[in-house]
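Below: one structure, written as structure tokens.
Heavy atoms only: backbone and side chains are in, while hydrogens, waters and symmetry mates are out.
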Amino acid sequence: MLSDKPDIASLSLDPVSHVLSRKVDASCTVSHDGINSLLENEHRHLRNIETRKASDEKTLSELMAPGPSSRPLRQIETVKSSECLEGMISPSIRSAGTPRAGLPSFEPHPMVGEAWENLRRSLVYFRGIPVGTIAALDPTQEALNYNQVFVRDFVPSALAFLMNGESEVVKNFLLKALRLQAWEKRIDCFTLGEGAMPASFKVLHDPVRKSDTMAADFGESAIGRVAPVDSGFWWIIMLRAYTKSTGDHSLADMPDCQRGMRLILSLCLAEGFDTFPTLLCADGCSMIDRRMAIYGYPIEIQALFFMALKCAKLMLKPEAGGKAFIERIDKRLYALSYHIRSYFWLDFQQLNNIYRYKTEEYSHTAVNKFNVIPDSIPDWVFDFMPMRGGYFIGNVSPARMDFRWFLLGNCVAVLSSLATPEQSSAIMDLIEARWMDLVGEMPLKIVYPALEGHEWNIVTGCDPKNTRWSYHNGGSWPVLIWLLTAACIKTGRPQIARKALELVESRLSKDGWPEYYDGKLGRYVGKQARKFQTWSISGYLVAKMMMEDPSHLGMISLEEDKKMMKRYLSRSASWTF
């Protein structure tokens, strides 16, 4: 149980905590400015040491070698985030460049301490150093591949550790994934592209030889044998979050990391037969890892693609071909933003326009550019669309629009500024207007609505795990709370996230931190859901810490590119690629 009156002097905040313990009493009489000045001087000294050390590190193996963290662990979760602590927390812990908000006093929820305990238990060690967190620690079910470290699953864990000042495990993970990228990647007789990142990896301990080995999965062991598309994107996004959080640019500046980014970009920016400015991907190659008809150009992949390109642009150095990649990124960002904002966006007015579309139009003057048949619009859309609000639909292709709502793609669009400020606000309006549909009793719907009946038979291949309102077919995933919270803070709507967090705190711990929930309202623990799912745990922690300290948003939020926006607005609506 958490103490109501924590001993501030016992907190392991940083190497100057012994100084603070003599100067800060229970009533916190020392001024915030004085403490901040003290901390800034000490941490400036520590960062100089860390930077000099990083410049001497030549190889990945040296960077991965065990050693003391540059900053001892901070147990923020065990104390009140009062004005006293607000002055004590080092500015170097926070993400720079985001507005600070006055933090009210709060009593830590009992779930927070429990979540940290479970998260730390999920840590995976390779030769004595932490390199990630396993997917789940459910003692009642067979492990299968839930005992592996998944790249996308580790994202909320990485953010939680960064927000708590524990950057070493994130650094180790980034370097280990980079090392695995260099492996030869084969699926049956096919060789994957050089830049492909693994979906997951597993650490194998040999107690006899007292050695550790690692096995990576690039899709050859996955259900459906589909190689992941999003792993490389998430890796770049995590690298930027690490850099933003710690202020340590030496990792991203390493030749190996620069090469890793260029290899990922070589894959996703490669010229192909398709003329669209988007990224073509297969069904089942993202978080929705089973057949759910998201093949082609799904909004989740396009938004992650956009965000990864922006993050890479911020970190790439012009040397060794980096300048050419930056120029290619600029062109793709402009084309991608124009395409998604123009053709994937749906609100009441646009729905009414599609409803009145004429078909078989020719020439550049065509309004119905993709020849969508109005009769193909599903009935549910007309009832779902509020007068105020809108969202990016799931997919656009010739004669077909996937009108389904996908939370991850829409929230990432907000965080990356793929969505305009007006579109971001409209997405929040939609969530509020359709609260019971998209949030229900346990946040949050990964996709809405569910596929049912004959459509379910055809699209999913009668997948028994993806029955209606279950798993990826309309199930509710608590991990998504961190994405919603981040989007809410960015758009100035924290009350939405607060309401969703209250729902999470009412049940998630009592239910054993399950992977997902079933039912139209998310009322039932998923029929095949693993308990103690790590990203359900870390997703809650990230959401909680962002609500308590909104400056953490700077790790995963990107602002609008004013140059690109100006260029975008200078084009007429009839301009085509």
**Message:** Quick test of your reading of the model: are Arg127 and Asp212 salt-bridged, counting only N-O distances below 4.0 Å?
**Reply:** no
**Request:** Write down the atom of Gln528, the atom of Pro464, and the distance for their closest heavy-atom approach.
**Result:** NE2-O, 4.4 Å
**Complete:** Closest heavy-atom pair, Met442 versus Leu508, reported as atoms and distance to 0.1 Å, is CE-N, 4.1 Å
**Request:** Take Lys527 and Asp518, measure what salt bridge (Lys or Arg N to Asp or Glu O under 4.0 Å) needs, and give me the verdict at the end.
**Result:** CA-CA 7 Å; Lys527 58 186 176 182; Asp518 285 353; 5.5 Å; no
**Request:** To the nearest 0.5 angstrom, please state how far the OH atom of Tyr295 sits from the CG atom of Asp283.
**Result:** 7.5 Å
**Asked** Between Phe384 and Tyr448, is the ring centre distance below 6.0 Å?
**Response** yes
**Message:** With side-chain contact (heavy atoms from CB on, under 4.5 Å) as the criterion, how do Ile427 and Trp405 come out once you've worked through the C-alpha distance, each side chain's angles and the decisive distance to 0.1 Å?
**Reply:** CA-CA 10 Å; Ile427 289 170; Trp405 154 271; 4.1 Å; yes
**Request:** Measure the shortest side-chain to side-chain distance between Ile393 and Met401 over non-hydrogen atoms and say whether it is less than 4.5 angstrom.
**Result:** yes
**Message:** Could you walk me through whether Met547 and Thr485 satisfy the side-chain contact (heavy atoms from CB on, under 4.5 Å) test, starting with their C-alpha distance in whole Å, then the side-chain angles of each, then the deciding distance to 0.1 Å, before giving a yes or no?
**Reply:** CA-CA 7 Å; Met547 288 295 289; Thr485 301; 3.7 Å; yes
**Message:** Distance check, rounded to the nearest 0.5 Å: Ile431 atom CD1 versus Leu444 atom CG?
**Reply:** 7.5 Å
**Message:** Could you check whether atom CG of Asp206 has more than 12 heavy atoms from other residues, nucleotides or ligands sitting under 6.0 Å from it?
**Reply:** yes
**Request:** Spell out, as yes or no, whether a donor-acceptor pair under 3.5 Å connects the side chain of Arg240 to the backbone of Met555.
**Result:** yes
**Request:** Go through the side-chain N and O atoms of Tyr146 and Glu515 and say whether any donor and acceptor fall under 3.5 Å apart.
**Result:** yes
**Message:** Is it the case that the side chains of Ser417 and Lys490 hold a donor-acceptor pair, with the cut-off being a distance below 3.5 Å and no angle test?
**Reply:** yes
**Request:** Apply side-chain contact (heavy atoms from CB on, under 4.5 Å) to the pair Cys311 and Leu558, showing each step before the final yes or no.
**Result:** CA-CA 8 Å; Cys311 288; Leu558 298 165; 3.9 Å; yes
**Message:** Do Leu204 and Met214 have side chains that approach each other closer than 4.5 Å (heavy atoms only, starting at C-beta)?
**Reply:** no
**Asked** From Ile299 CD1 over to Leu407 CG, what is the distance, rounded to the nearest 0.5 angstrom?
**Response** 12.0 Å
**Prompt:** Do side-chain atoms of His205 reach the backbone of Pro207 as a donor and acceptor pair under 3.5 angstrom?
**Reply:** no
**Request:** Identify whether the distance between the nearest side-chain nitrogen and carboxylate oxygen of Glu166 and Arg120 falls below 4.0 Å.
**Result:** yes
**Message:** Between Ser506 and Leu503 (side chain of the first, backbone of the second, donor and acceptor by atom type, cut-off under 3.5 Å), is there such a pair?
**Reply:** yes
**Asked** So, are Asp429 and Arg493 salt-bridged, with charged N and O less than 4.0 Å apart?
**Response** yes
**Message:** Please check: side-chain N/O of Thr467 versus main-chain N/O of Ser470, any donor-acceptor pairing under 3.5 Å?
**Reply:** no
**Item:** Value rounded to 0.5 Å, distance of OG1 in Thr278 from OH in Tyr343
**Value:** 11.5 Å
**Message:** Between Gln181 and Ile264, does the side-chain contact (heavy atoms from CB on, under 4.5 Å) criterion hold? Intermediate values first, please.
**Reply:** CA-CA 9 Å; Gln181 183 196 40; Ile264 294 170; 3.5 Å; yes
**Request:** Using distance alone, with no hydrogens and no angle criterion, decide if Gln141 and Arg530 have a side-chain donor and acceptor under 3.5 Å apart.
**Result:** yes
**Request:** Verify, without hydrogens or angle tests, whether Lys244 (side chain) and Ile556 (backbone) share a donor-acceptor contact under 3.5 angstrom.
**Result:** no
**Prompt:** Counting only N and O atoms by type, is there a donor-acceptor contact under 3.5 Å from the side chain of Glu117 to the main-chain atoms of Ala115?
**Reply:** no
**Side chain Ser200, main chain Val149, donor-acceptor under 3.5 Å** = no
**Request:** Taking all heavy atoms of Leu119 and all of Ser157, pick out the closest pair and write down the distance.
**Result:** CD1-OG, 3.6 Å
**Request:** Hey, could you give me the SG/CE distance between Cys411 and Met428, rounded to the nearest 0.5 Å?
**Result:** 5.5 Å
**Request:** Mark yes when over 12 heavy atoms from residues, nucleotides or ligands other than Arg400 sit less than 6.0 Å from its CZ; otherwise mark no.
**Result:** yes
**Main-chain N/O of Ala426 paired with Tyr391 side-chain donor or acceptor, under 3.5 Å** = no
**Message:** Can you confirm whether Lys465 is buried at NZ, in the sense that more than 12 heavy atoms of other residues, nucleotides or ligands lie under 6.0 Å from that atom?
**Reply:** yes
**Request:** Applying side chain to side chain contact (heavy atoms under 4.5 Å, CB included) between Pro478 and each of Tyr517, Trp535, Trp513, Tyr540, report the one that passes.
**Result:** Tyr517
**Item:** Arg468/Glu452 salt bridge by N-O under 4.0 Å criterion
**Value:** yes
**Message:** Restricting to non-hydrogen atoms, name the atom on Phe150 and the atom on Asn145 that form the minimum distance, rounded to 0.1 Å.
**Reply:** CE1-O, 3.1 Å
**Prompt:** Hey, is Arg507 close enough to Glu441 for a salt bridge, meaning N to O under 4.0 Å?
**Reply:** no
**Prompt:** Does Asn395 use its side chain to pair, donor to acceptor, with the backbone of Asp402 at less than 3.5 Å?
**Reply:** no
**Item:** Lys171 side, atom NZ; Lys176 side, atom NZ - distance, nearest 0.5 Å
**Value:** 14.0 Å
**Asked** What residues, two or more places apart in sequence or in another chain, satisfy side-chain contact (heavy atoms from CB on, under 4.5 Å) together with Val229?
**Response** Phe233, Leu279, Cys281, Cys285, Ile301
**Complete:** In terms of heavy-atom contacts, Asp153 and Ala135 come closest through OD2-CB, 3.9 Å
**Prompt:** Are the side chains of Leu521 and Met436 in touch, meaning some heavy atoms are under 4.5 Å apart?
**Reply:** yes
**Message:** Do Lys499 and Trp435 form a cation-pi contact, if we require the NZ or CZ to be under 6.0 Å from the six-membered ring centre and within 45 degrees of the ring's axis?
**Reply:** yes
**Prompt:** So do the side chains of Thr460 and Arg290 get within less than 4.5 Å of each other, counting heavy atoms only?
**Reply:** no
**Gln148 side chain near Ile134 side chain, heavy-atom distance below 4.5 Å** = no
**Request:** Please tell me if the side chains of Pro443 and Leu480 come closer than 4.5 Å, counting only heavy atoms from C-beta onward.
**Result:** no
**Item:** Taking every non-hydrogen atom, the tightest pair across His472 and Val447
**Value:** O-CG1, 2.9 Å
**Message:** If you define the side chain from C-beta out and look only at heavy atoms, does anything of Leu430 sit under 4.5 Å from Leu438?
**Reply:** yes
**Request:** Might you work through the side-chain hydrogen bond (donor to acceptor under 3.5 Å, both in side chains) test for Trp345 and Asp347, ending with a clear yes or no?
**Result:** CA-CA 7 Å; Trp345 182 252; Asp347 55 19; 3.2 Å; yes
**Item:** Close side-chain approach of Val381 and Leu351, heavy atoms under 4.5 Å
**Value:** yes
**Asked** Aromatic ring centroids of Phe173 and Trp235 under 6.0 Å?
**Response** no
**Request:** Keeping the roles fixed (side chain from Asp138, backbone from Lys531), state whether a donor-acceptor pair exists under 3.5 Å.
**Result:** yes
